[in-house]
Amino acid sequence: MQEKYRYVILGAGASGLSLCGHLLNAGVRDRILILDRKSTFTDDRTWCFWSVRPNPFAELAVRCWHRWEVLDTNGSRARQASLAVGYACLRGQDFYDYAQAEIARHPNVTLRLKSSVESVESFPDHVQILANGTCCSADYVFDSRPSKLPPPPGDNALAQRFFGQFIQTDTPQFDPSRCTLMDFQVSQEHGLHFFYVLPFSPTEALIENTYIQDSGTHGLTPDLHRAEIRSYLGELHGLTDFTVQREEAGEIPMTMSAFPRREGRHFFIGTAGGCTRPSSGYTFQRIQEQCRQIAEAAQAATLDTFHEQLAPARYRFFDGVFLRVLRDDPGAFPGYFYQLFSRVSPGALTAFLSETSTWRSDLQIMRSLPLGPFLRAALKSMRG
Ligand SMILES: Cc1cc2nc3c(=O)[nH]c(=O)nc-3n(C[C@H](O)[C@H](O)[C@H](O)COP(=O)(O)OP(=O)(O)OC[C@H]3O[C@@H](n4cnc5c(N)ncnc54)[C@H](O)[C@@H]3O)c2cc1C
């Protein structure tokens, strides 16, 4: 007899586990199966987001910085602070542990690791899943496997490539009350390049080397990143003596290409379902919004007609304009970011970055940037 579930979630990563959490929070008690090919959960990433909108995992944050800065190529600092909004950071391992504990508390949920999904076939009244040579069926499938990423659309896609090291020092080196979102005091030769520094304590920090490049560009190896981190810490922080506790790496698509959202009862979620914000690469908060909406529709039995709305439509237009200007003139962006963080109020800026701003506060963003390049890009975007 084939196993039958109400919901099967493919992938126990950020979106798969978040969706399970949102379904349970919404009161869903139907049978849920989660399949993932990995054999264990590893502390493979950290998620940061602006604490503007509530999300059920925000309490797990290890740190929330209420002061942050951006450094231009010449070292000029744009500093901001806000009591109301913070930049929250969640450790992957804490999220995975919490999600597994929630699953263990709910007998209607089964988590199956070492389960590689081979195929998914959608029928009018059910979905058939083949994993490790065994079939099961579901009323609805939510798929976060990366296989559904759209093909690279040539010249209009950028990629955010980063490599981070969690380092520890013997003596106090960092000010944990302020994080550095972007430090552009590094070579801009191979695309927009900056360092991201999250100080967790005076002796611990995540140092991330980040490039935004044409998606077709290659050549950044882990060893190159390690060497760049070492020289950044040495030259700009006078720090040569540290130990590396852990590393993380990623490549996030920054593209206006349309991602598939659903094929009948087969839904795409997370990065594979278009949750990445094209202009920034941030994904975690959009995942929470997507999962919240899906869970609401599941509980209301309206999934058949469900269409998500992750953010008001104008942000897609803004993102298209931003990506166009970034592609055409990456060298201008350290200055643009510096202007944004020095001229726009923290409330307006964080609301814009979190897609919760008003037209009035968006005007502050527009006024802080040079009109010419953005207007030309806006006109091109309107012409398609
Ligand atoms: C290192 C790193 C740091 C990041 N930091 C941030 C951040 O600070 N803020 C932010 O907003 N975004 C961040 N992101 C982007 C984004 O939030 C994450 O990539 C997030 O994990 C995406 O969630 P997801 O569910 O789409 O994919 P994942 O979390 O990658 O989950 C996909 C799951 O599918 C499984 N899978 C794949 N193929 C199969 C298969 N055939 N069968 C079964 N299972 C399969 C994988 O094993 C994986 O567990 C970061 C990304 C990375 C890589």
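Start at 1 and go down the list; that is how both ligands and their atoms are numbered. Along the sequence shown, residues carry numbers from 1.
- The part of Ile287 lying near ligand 1 is the side chain, judged by heavy-atom distances below 4.0 Å.
- Using a 4.0 Å cut-off between charged nitrogen and carboxylate oxygen, Arg31 and Glu3 do not count as a salt-bridge pair.
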> When you look at Thr73 and Gln188, which way does the side chain to side chain contact (heavy atoms under 4.5 Å, CB included) test go after all the steps?
Replying inline: CA-CA 9 Å; Thr73 47; Gln188 300 294 320; 4.3 Å; yes
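- Arg343 meets the side-chain hydrogen bond (donor to acceptor under 3.5 Å, both in side chains) test with no other residue; sequence neighbours excluded.
- Close contacts between ligand 1 and Ala249 involve ligand atoms 1 (C), 53 (C) [criterion: under 4.0 Å to a heavy atom].
- Ring centers of Phe200 and Trp65: under 6.0 Å apart, within the cut-off.
- The pair Arg376-Asp328 does not count as a salt bridge, with every side-chain nitrogen at least 4.0 angstrom from each carboxylate oxygen.
- Using a 4.0 Å cutoff on heavy atoms, Phe49 does not count as a contact of ligand 1.
- Applying the 4.0 Å criterion to heavy atoms of Ser115 picks out, from ligand 1, the atoms 42 (N), 43 (C).
- Looking at Ser18 and Gln288, their side chains do bring a donor and an acceptor atom within 3.5 Å of each other.
- In this structure, of Gln290, Arg45, Glu208, the residue bringing a heavy atom nearest to atom 21 (O) of ligand 1 is Arg45.
- Considering Ala131, Ser15, Gly13, Ala12 only, the shortest heavy-atom separation from atom 24 (P) of ligand 1 involves Ser15.
- The protein does not reach atom 27 (O) of ligand 1 closely, with no heavy atom under 4.0 angstrom from it.
- Contacts of Cys89 with ligand 1, taken as heavy-atom pairs under 4.0 Å, are absent altogether.
- Looking at Thr46 against ligand 1, only its backbone comes within 4.0 Å, counting heavy atoms.
- Nearest to atom 45 (C) of ligand 1 by heavy-atom distance, out of Lys114, Arg112, Arg145, is Arg145.
- With sequence neighbours left out, Arg292 forms a salt bridge (charged side-chain N to carboxylate O under 4.0 Å, His left out) with Glu289, Glu296.
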